[in-house]
Amino acid sequence: MSEEEKKTDDEEKTIPRPEGYTIVKYAFGWVLFISMLFGLVISAVLIVAFNDYFSETSGWLVWIMPLVVYALLWIIGRKITEVKVNLKITDEGLEQARLSGSRFYPEHRLIKWEDMKCFHPYGRRNRCQNFYISVRNNMNFRISVPVLALSKWRKDNSDIFEEFRTVFWEMAPDHNVHVAFFAIT
């Protein structure tokens, strides 16, 4: 393959989106549900299978094992559902384009301003790294961003997310979309 063909193939794989906000998010609700359900089932199976071993030890392992299983499933679930998206706020509404990552998210989604009922800038339960839009006649829109910024790109991701949230909060009242009643202001 010539250098020219290789360069063309690489350009087709990346989607340039200089406008908007490019963040990494994951499916918080699904990860929580699946890790709790499978964590409970796997822990119960392990406790029954190693019952003799647990009866010989002090018993603290019985309490720690479900937490370890849950944490492992949480990390795996986050990696499976993690996706890089580009969010663009336009006069028409909020446009989301999947750039890479999980196939659980649509390639493109447009939420028009008139379809938005209200938004929760800090999530429905006031989590600091969450954003939620209630949508009429469609699936609601949620952004869950990893909370711990242990690396530079996670810190940059949190900063970009905060900038997006601020700009959306400023533009929403102009389009008759209001902050939900119980959001922190």
Side-chain angles (χ1 to χ4, degrees), residues 5-35 74-136 138-180 183-185:
E5 290 175 13
K6 189 175 184 181
K7 186 177 179 182
T8 305
D9 288 343
D10 289 342
E11 288 173 357
E12 289 174 2
K13 289 179 186 174
T14 59
I15 303 169
R17 296 210 183 263
E19 69 281 344
Y21 304 92
T22 301
I23 63 168
V24 176
K25 67 179 193 168
Y26 70 101
F28 174 79
W30 284 107
V31 171
L32 180 67
F33 174 72
I34 289 172
S35 61
W74 181 267
I75 291 168
I76 292 168
R78 283 245 323 253
K79 287 298 174 188
I80 290 172
T81 62
E82 202 168 77
V83 65
K84 183 184 243 185
V85 295
N86 182 270
L87 301 169
K88 188 174 11 172
I89 304 169
T90 63
D91 291 335
E92 196 174 350
L94 178 64
E95 181 181 340
Q96 172 185 291
R98 182 182 65 199
L99 301 178
S100 65
S102 176
R103 302 284 183 212
F104 294 118
Y105 294 92
E107 282 281 331
H108 184 268
R109 182 174 182 195
L110 174 66
I111 304 170
K112 296 184 178 182
W113 289 110
E114 56 267 8
D115 292 338
M116 297 181 201
K117 290 190 252 183
C118 64
F119 74 100
H120 307 258
Y122 296 99
R124 292 183 65 180
R125 290 177 184 82
N126 292 330
R127 290 186 193 95
C128 62
Q129 293 294 337
N130 222 342
F131 184 83
Y132 189 85
I133 299 174
S134 296
V135 180
R136 291 182 186 92
N138 202 344
M139 197 167 79
N140 293 332
F141 180 78
R142 173 177 298 198
I143 299 173
S144 297
V145 177
V147 176
L148 296 175
L150 299 176
S151 62
K152 182 172 177 11
W153 77 267
R154 292 233 191 249
K155 173 87 170 88
D156 293 343
N157 191 49
S158 295
D159 293 344
I160 292 169
F161 174 68
E162 188 61 40
E163 185 180 332
F164 161 76
R165 184 174 20 208
T166 303
V167 170
F168 188 90
W169 200 329
E170 292 169 356
M171 287 184 69
D174 296 339
H175 298 281
N176 204 20
V177 179
H178 302 285
V179 177
I184 298 172
T185 57

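At a threshold of 4.5 Å between non-hydrogen side-chain atoms, the residues Q96 and I143 do not count as touching. When side chains are defined from C-beta on, K25 does not count as touching R142, because their heavy atoms never get closer than 4.5 Å. With a 4.5 Å cut-off on side-chain heavy atoms, W113 and D174 do not count as touching. In this structure, F161 and L87 have side chains that are not in contact, with every pair of non-hydrogen atoms separated by 4.5 Å or more. You'll find the side chain of F141 stays beyond 4.5 Å of the side chain of F119, heavy atoms only.
One N or O on the side chain of N157 and one on the backbone of V24 form a donor-acceptor pair closer than 3.5 Å. Using a distance-only test at 3.5 Å, with no hydrogens or angles considered, a donor-acceptor pair links the side chain of R136 to the main chain of M116. Remark: side-chain polar atoms of R165 are paired, donor with acceptor, to backbone N or O of N130 under 3.5 angstrom.
Taking every heavy atom of both residues into account, Y26 and Y105 meet most closely at C-OH, 3.0 Å. The two atoms that bring R98 and S102 nearest to each other are CD-O, 3.3 Å, heavy atoms only.
E82 contributes atom CD, which lies 13.0 Å from atom CZ of F104 (distance to the nearest 0.5 angstrom). Taken to the nearest 0.5 Å, the CD atom of E162 stands 8.5 Å off from the CG atom of D159. Note that the NZ atom of K117 and the CD1 atom of I133 stand 12.5 Å from one another [nearest 0.5 Å]. Put simply, OG1 on T22 and CG on L99 are 5.5 Å apart, with the number rounded to the nearest 0.5 Å.
N176 meets the side-chain hydrogen bond (donor to acceptor under 3.5 Å, both in side chains) test with H178; sequence neighbours excluded. Residues satisfying the side chain to side chain contact (heavy atoms under 4.5 Å, CB included) criterion with I34, sequence neighbours excluded, are W30, F38. Partners of H175 by side-chain hydrogen bond (donor to acceptor under 3.5 Å, both in side chains), not counting sequence neighbours: none found. Every residue two or more places apart in sequence or in another chain that forms a ring pair (Phe, Tyr, Trp, His ring centres under 6.0 Å) with Y21 is listed here: F164. Under the side chain to side chain contact (heavy atoms under 4.5 Å, CB included) criterion, L110 pairs with E92, E95, H108, K112, not counting sequence neighbours. S35 meets the side chain to side chain contact (heavy atoms under 4.5 Å, CB included) test with Y70, L73, W74; sequence neighbours excluded. In this structure S100 satisfies the side chain to side chain contact (heavy atoms under 4.5 Å, CB included) test together with K84, sequence neighbours excluded. By the side-chain hydrogen bond (donor to acceptor under 3.5 Å, both in side chains) test, N138 is found to be paired with no residue, residues two or more places apart in sequence or in another chain being considered.
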Checklist line | Steps toward side-chain hydrogen bond (donor to acceptor under 3.5 Å, both in side chains) verdict (N140, S134) | finding: CA-CA 5 Å; N140 293 332; S134 296; 4.8 Å; no

